[in-house]
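In what follows, a single structure is set out as structure tokens and then discussed.
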Amino acid sequence: MARYVAWIAETAAPEKRSPVFVAYPAGFDFLFVYWYLIRFVGKSPFSHSALDVKTYSMAMLKCGYREAGKRNMPKRWFDPHPHTHVALDDAIEQGALFCKHAGGEPTMTTVAPYNEFTPLAVEAAQKVFVLTGAGISAESGIRTFRDANGLWTTARLRLPGARSTPGRVSRGGRRVAGGWRKDAELVWRFYAERRAQAKTCAPNAAHAALAALEGKHDGLFLCTQNVDPLHERAGSRRAVHMHGELFKSRCESPRCDSLPFVDAGEYRTAEQIPRCRCGARIRPHIVWFGEVPFDMDLITDALEACDLFVTIGSSGAVYPAAGFARAARAAGARTVYVGPEAPENARAFDECRLGKAGEVLPALFVR
Ligand code: APR
């Protein structure tokens, strides 16, 4: 038993990032296992919380206890692991089943150059959720945030309230509001620069490919974290901008009922900042850190309904968007990432197709 405890401790070491489960039938006889551990080792390496896979299936399948049996579980939850009534075999099978349930980290995330994959066939009835990040606009000359020459990595711009400048991961609205309240001129100068630059940028082949897919496939849900208008300039008509839009502004007052409006103004001094009819200042229609992204109900419904989930050019550093892949997978979708390097949340994807968006997208979807 002592060697067993040492093995558990070594296997479940935090740096190993591999959880250890006591699965059926050991889980079934857990009380005896626990007794042996205390009797012969004096301690148990396991916490006292247990998770019953069956009740977990009930939650995932939204069904009663009787229905939550293997016959009602989706095939993708099962791995080719044999069920032999040999404790270790059955424990592995149960462990794999639980990982699939939790939409966790099947170790099968395939990371390879994009041309080693076949195109994604999109069936007429399929629901496709595409999430784009700053990477899709990089080839159009719009800088990303966290790449080597990214906005947050190079611009030593202590922008109050920006969504995570380096080393300043802010928590909660107070700092955001404080940042805007503290230095609205600096905030507007930052967005004036971004508006000026975006006016000179044209969509690239990746934006065009998504606009073409939108034209052919009603089941496409395009959600972007980007505030630039390159999806629309490429012809997309249904892009959902969850972080707002660069060329829109609105009144800063939450009590004012005026609506966001199209605005290409470049305000670089406090005097230039326009006022709303209610007297309050006009702010960029952008979601800052600590603020709730737009259209989250729409997005959540589309995540639960999608069969294929594709992220293009996002580092997976910022939530809630970084959690979408896991949510889509938990709902049964196939999850694919496209970008020159694997993102931080790579393990939430079945495939990471390495390449630039402009190279990959034109031949990615077959519809
Ligand atoms: N094609 C595809 N992906 C690319 C390309 C390219 N040509 N060039 C870079 N990338 C990838 C990078 O590998 C990186 O992982 O794009 C990703 C950009 O990551 P971030 O800069 O972190 O941008 P994003 O994930 O969109 O940021 C999320 O954070 O700062 C906030 O609100 C802001 O919406 C933004 C959010």
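All values below were derived from every heavy atom in this structure, side-chain atoms included, with hydrogens, water molecules and symmetry-related copies excluded. Just so you know, ligand 1 is whichever comes first in the structure, and atom 1 is the first atom listed for that ligand. Nothing here was measured: the structure is a model prediction, and the numbers come from that model.
For ligand 1, the atoms lying closer than 4.0 Å to a non-hydrogen atom of Glu139 are 1 (N), 6 (C), 7 (N). Within the listing of ligand 1, atoms 30 (O) sit less than 4.0 angstrom from a heavy atom of Trp152.
Side chain of Lys199 to main chain of Ala264: a donor-acceptor pair is present (N/O by atom type, distance under 3.5 Å, no hydrogens or angles). In this structure, the side chain of Ser137 does not engage the main chain of Ser140 through any donor-acceptor pair within 3.5 Å. In this structure, the side chain of Asp295 does not engage the main chain of Met242 through any donor-acceptor pair within 3.5 Å. Remark: the backbone N or O of Glu214 is not paired with any side-chain donor or acceptor of Arg367 at under 3.5 angstrom.
For a threshold of 3.5 Å applied to N or O pairs, the pair formed by Ala134 and ligand 1 contains at least one separation below that value. Between Asn226 and ligand 1, a contact under 3.5 Å exists for no N or O pair. Geometrically, ligand 1 and Ala357 share a nitrogen or oxygen pair separated by less than 3.5 Å. Ligand 1 has an N or O atom lying under 3.5 Å from an N or O atom of Phe145, backbone or side chain.
By the criterion of a heavy-atom distance under 4.0 Å, both the backbone and the side chain of Thr144 are placed next to ligand 1.
A cation-pi arrangement, defined by a distance under 6.0 Å to the six-membered ring centre and an angle within 45 degrees of its axis, is absent between Arg195 and Trp188.
Of the listed residues (Gln225, Lys356, Arg146), the one carrying the non-hydrogen atom nearest atom 29 (O) of ligand 1 is Arg146. Of the options Gly133, Ala321, Ala322, Gly313, the smallest heavy-atom separation from atom 18 (C) of ligand 1 is shown by Gly313. Residue Ser314 holds the heavy atom nearest to atom 24 (P) of ligand 1 of all those in Ser314, Pro293, Ser137, Gly150. Among Ala138, Pro340, Gly358, Gly316, the residue whose heavy atom lies closest to atom 3 (N) of ligand 1 is Pro340.
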Can you list the steps and then say if His231 with Thr132 is a side chain to side chain donor-acceptor pair (under 3.5 Å)? CA-CA 10 Å; His231 281 303; Thr132 62; 3.0 Å; yes
Apply ring-ring contact (aromatic ring centres under 6.0 Å, His included) to the pair His243 and Phe289, showing each step before the final yes or no. CA-CA 10 Å; His243 291 162; Phe289 207 90; 9.9 Å; no
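Side-chain polar atoms of Glu232 and His241 form a donor-acceptor pair below 3.5 angstrom.
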